[in-house]
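Residue numbers begin at 1 in each chain, while the letters A, B, ... track the order of the sequences.
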Amino acid sequence: MSVPKRFRSMDGALKRYRFMAYTVGTGLLILVFVGIPIQIWGHSKTVVAIVGPIHGYLYLIYLVAALDLARRARFGIGRLLVMISAGLVPFVAFIIERKIEKSMHAELGAVDESAEPAEHR
Amino acid sequence: MTTGTARRSLWLSRRALLAHLVISAWVPGCLVAAWWQATIALSGNALSYLYAVEWPAFAIFGVVVWWNFLHDDPAERVNFRLRALDRGPRPPDSSRTAPPASYRSRDEDPALGAYNDYLEQLSRRQRPKTWRRQ
């Protein structure tokens, strides 16, 4: 095979990105809607102290997964920036993950419909 | 390939300069945040040690994105697609790298096939995805 190994598949990159989007999205919801209210009104920092740093480092992994997918799928810088900022606003990570997944399936699906099977398989 | 003009447009085009501006604000910003967390950590907040390490990592991530953004060559991307399609012209230095007759072998694995289909689809729509304006 002469195609560079890193170009062989986007499937893995998309799966990794989606997994991290769900993880980071959930972590942020816990942090914002459980941890911070408890810190403010419950006067206990326990939840924030545990979830905060974990979420921070998971977000770092999310960034790497997003960059990896953006490079493989030839996304523009704009879409990468949207993916990056999606991890920072509650609920938005889920929405963007769905949009990315849908658009990639639409493009792959369109290929299937207009495929000329014998020519290049 | 790497003529003076090409290198100048790589580093000094409008988009490149904008990228330099953003990264030159981003990296010091991250380092200031790291320093701030480090001082808090030293004054007793153990949690801040973790954040003090995290901010430099954000700075490094920014540099990686900046570097990719600058070195994203649209012509190379188009060439990559054409080679993936095995329909377009060979790259100028094809004699050196000597690509095979077809990039799409009969026994390509499904994942590679799907990826080639995707690239083909992008190419067919005449809309090369790139981080640089052409």
Participant: State plainly whether one hydrophobic cluster holds both A/Phe33 and A/Ile38, where clusters connect Ile, Leu, Val, Met, Phe, Trp and Tyr through side-chain heavy atoms under 4.5 angstrom apart.
Facilitator: no
Participant: Side-chain heavy atoms nearer than 4.5 Å, only ILVMFWY residues, links allowed to pass through others: does that put B/Tyr118 and A/Met83 together?
Facilitator: yes
Participant: Using non-hydrogen atoms only, which part of B/Leu47 is less than 4.5 Å away from chain A: side chain, backbone, both, or neither?
Facilitator: side chain
Participant: Are B/Val32 and B/Phe61 in one and the same hydrophobic cluster, where Ile, Leu, Val, Met, Phe, Trp and Tyr link if side-chain heavy atoms are under 4.5 Å apart?
Facilitator: no
Participant: Under a 4.5 Å cutoff for heavy-atom pairs, which residue among A/Ile84, A/Val64, A/Leu60, A/Leu63 has the most contacts with chain B?
Facilitator: A/Leu63
Participant: With no hydrogens and no angle check, is any side-chain donor or acceptor of A/Tyr57 less than 3.5 Å from a backbone partner on B/Leu50?
Facilitator: yes
Participant: In terms of hydrophobic clustering (I, L, V, M, F, W, Y; side-chain heavy atoms under 4.5 Å; direct or indirect links), are A/Val82 and A/Tyr22 co-clustered?
Facilitator: no
Participant: Does A/Ile77 reach the side chain of B/Val65, with side-chain heavy atoms less than 4.5 Å apart?
Facilitator: yes
